[in-house]
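Input: a single structure, listed below in structure tokens.
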Amino acid sequence: MKSAPGYVILIVVNDYILLRLQCNAVPEVVAITIQDVAKAAGVSVATVSRVLNGGQNVRAETAALVMSKVESLGYRPNLLGRHLRMNETRTILVIAATISNTLTAKVISGIEEAGRETGYSIVVGTTNDDAARENAHLNLLRNRFVDGIIILSTVMSAEEMRSLGKRHHIIQCCEYLPGTGVPHVAIDNRRAARDAVQYLISGGRRRIAYMGVVNHLISSSERYRGYTDALAEAGIPLDRALIADGNYGFRSAIKIMNDFLAKGSSPDALFCISDRMAAGAIRALKDNGVGIPGDLSVVGFDNTDTAYISDPGITTVAQSPREMGDKAMRLMVRRLHGEK
């Protein structure tokens, strides 16, 4: 290291100089270049480059010598420069409305693990379903700061998604906009919901209430369709008095369940599109002296920790969030490598 000219440090608070430090010298870090490594190892720069990129067509002893010089000199490749030359960042952006729920966190964990195995890093951006925040994240893709985006939820229109997908690498995961030509990884929400309601029907339940959410997410509408499918297949008329919507929340579900009981709707079962809603419904039922599952059976959705914490535990539809994340990332890598 070399000595640079002296300098002064001023500690200033509220425009007052509290401390003045005179320093005679500051260490100057000398960057080690690939040329330095090549000179120390007695090989060409091209040979060092080949070793750093996998050692192809380089003798084992030469590769070992180069790597020993890399370590002893403390050389670190300029990854930014390499990425610019190769027109890639090896980074994928994951966009989600929130990371506060367990399911989303597990999906992201699956994406990250698959990325690590395939040589990609991820960054996560949350939107809270705000279009401006989402667009700011999308600009990272438009400006080539990331190679692609895995979108867990979006407020884009189908046309916006279709247009973006024609120019950039995008994978939809969990939630998706159908008919856009942009690949997606998701469970069959409609079939899953139908199976859940059929399970209740197989237990002799006929007045099955539905607790859902009206929003822009395809999972919400598909789970409602699965509910109506199961009733129709069993010849059970759809009773609008047994259908109510909330916001996925625990307190919202308590209110809905209390309203069901106050109106005298007399359901003998309940299908909820989230475990938190199922847990809230169970709390309201217990507070009103309704036996579970004796008087009323409850089925939730997602198989989150809430299903186990609730008393009694919640029968629920289990998704595979880590598997969905893994598949989404591997699908992205295939797209980046030119596969359709």
Side-chain angles (χ1 to χ4, degrees), residues 97 101-103 153 174-176 178 186-304 306-307 310-319:
N101 70 68
T102 305
L103 187 82
S153 64
C174 300
E175 303 293 345
Y176 63 95
I187 68 165
D188 186 337
N189 282 282
R190 185 175 182 177
R191 180 176 175 180
R194 186 186 68 198
D195 289 348
V197 177
Q198 285 177 339
Y199 169 79
L200 291 169
I201 293 171
S202 69
R205 309 294 174 163
R206 302 289 293 180
R207 291 189 54 76
I208 302 171
Y210 170 87
M211 195 178 293
V213 179
V214 176
N215 55 25
H216 64 285
L217 302 178
I218 193 168
S219 62
S220 301
S221 58
E222 288 293 277
R223 290 173 195 180
Y224 175 73
R225 292 175 70 188
Y227 164 76
T228 59
D229 287 346
L231 296 183
E233 290 170 12
I236 301 174
L238 185 66
D239 185 348
R240 296 289 176 184
L242 294 176
I243 298 172
D245 295 301
N247 62 8
Y248 294 113
F250 184 83
R251 296 183 185 87
S252 171
I254 291 176
K255 182 181 183 304
I256 292 172
M257 196 69 244
N258 283 330
D259 289 344
F260 275 140
L261 297 175
K263 290 186 299 185
S265 303
S266 303
D268 59 11
L270 172 66
F271 169 60
C272 300
I273 71 167
S274 81
D275 289 338
R276 288 176 64 192
M277 297 184 86
I282 287 174
R283 167 67 66 83
L285 290 168
K286 290 176 67 176
D287 289 346
N288 284 276
V290 179
I292 310 161
D295 298 324
L296 194 150
S297 294
V298 179
V299 169
F301 208 107
D302 289 336
N303 192 35
T304 59
T306 301
S310 178
D311 181 24
I314 301 169
T315 298
T316 184
V317 177
Q319 298 198 58

- [ ] Could you grab the distance from atom CZ of Arg223 to atom CD1 of Ile187, nearest 0.5 Å is fine?
- [x] 5.5 Å
- [ ] Identify the heavy atoms of Gly204 and Asp268 that sit nearest to each other, and give their distance.
- [x] O-OD2, 4.5 Å
TODO: Please name the pair of heavy atoms, one in Arg205 and one in Pro293, separated by the smallest distance, quoted to 0.1 Å.
DONE: NH2-O, 2.7 Å
Task: Inter-residue atom distance Ser220.OG - Asp245.CG, 0.5 Å rounding - done: 9.0 Å
Open item on the list: Can you tell me if Lys263 has over 12 outside heavy atoms packed within less than 6.0 Å of its NZ?
Closed with: yes
- [ ] Determine whether the side chains of Tyr248 and Asn101 contain a donor N or O and an acceptor N or O closer than 3.5 Å.
- [x] no
Open item on the list: Tell me whether Arg225 is salt-bridged to Asp229, with the criterion being a basic N under 4.0 Å from an acidic carboxylate O.
Closed with: no
TODO: Can you measure from CZ (Arg206) to CD1 (Ile236) and round to the nearest 0.5 angstrom?
DONE: 4.0 Å
TODO: Please confirm whether the backbone N or O of Ala97 pairs with a side-chain atom of Ser153, one donor and one acceptor, at under 3.5 Å?
DONE: yes
TODO: Output the distance between atom CE (Met277) and atom CE (Met257), rounded to the nearest 0.5 Å.
DONE: 11.5 Å
TODO: Find out whether Asn258 and Asp287 are in side-chain contact, i.e. whether some heavy atom of one side chain is under 4.5 Å from a heavy atom of the other.
DONE: no
Task: Residue from Asp302, Asp275, Asn303 passing side-chain hydrogen bond (donor to acceptor under 3.5 Å, both in side chains) with Thr316 - done: Asp275
Task: Contact summary for Val299 and Ala196, nearest pair of heavy atoms - done: CG1-CB, 3.9 Å
Task: Side chain to side chain, Ile273 and Tyr224, heavy atoms closer than 4.5 Å - done: no
Task: Contacts of Asp239 that satisfy side-chain hydrogen bond (donor to acceptor under 3.5 Å, both in side chains) - sequence neighbours left out - done: Arg207
Task: Flag, side chain of Glu175 to backbone of Ser219, donor-acceptor distance under 3.5 Å - done: yes
- [ ] Without swapping roles, check the side chain of Lys286 against the backbone of Asp311 for a donor-acceptor pair under 3.5 Å.
- [x] yes
Open item on the list: Measuring only between side-chain heavy atoms, which start at C-beta, is Phe260 closer than 4.5 Å to Leu296?
Closed with: no
Open item on the list: With a 4.5 Å cut-off on side-chain heavy atoms, are Thr228 and Leu238 touching?
Closed with: yes
Open item on the list: Parallel, tilted or perpendicular: which one describes the rings of Phe271 and Tyr227, with boundaries at 30° and 60°?
Closed with: parallel
Task: Closest approach of Ala281 to Ala253 (non-hydrogen atoms, all atoms of both residues) - done: N-CB, 3.8 Å
Task: Straight-line distance of Arg276 CZ to Thr102 OG1, nearest 0.5 Å - done: 9.0 Å
TODO: Compare all side-chain heavy atoms of Val298 with those of Leu285 and state whether any distance is below 4.5 angstrom.
DONE: yes
Task: Other residues, nucleotides, ligands: >12 heavy atoms within 6.0 Å of Phe250 CZ - done: yes
Task: Close side-chain approach of Ile208 and Leu242, heavy atoms under 4.5 Å - done: no
TODO: For the residue pair Phe301 and Asn189, establish whether any side-chain heavy-atom pair is separated by less than 4.5 Å.
DONE: yes
- [ ] Please report the closest heavy-atom contact between Pro178 and Tyr176, naming both atoms and the distance.
- [x] CD-O, 3.6 Å
- [ ] Starting at OG of Ser265, measure out to CG of Leu270 and round the result to the nearest 0.5 Å.
- [x] 11.5 Å
Open item on the list: Restricting to non-hydrogen atoms, name the atom on Gly300 and the atom on Ala278 that form the minimum distance, rounded to 0.1 Å.
Closed with: CA-CB, 3.9 Å
Task: Side chain Asn215, main chain Leu217, donor-acceptor under 3.5 Å - done: yes
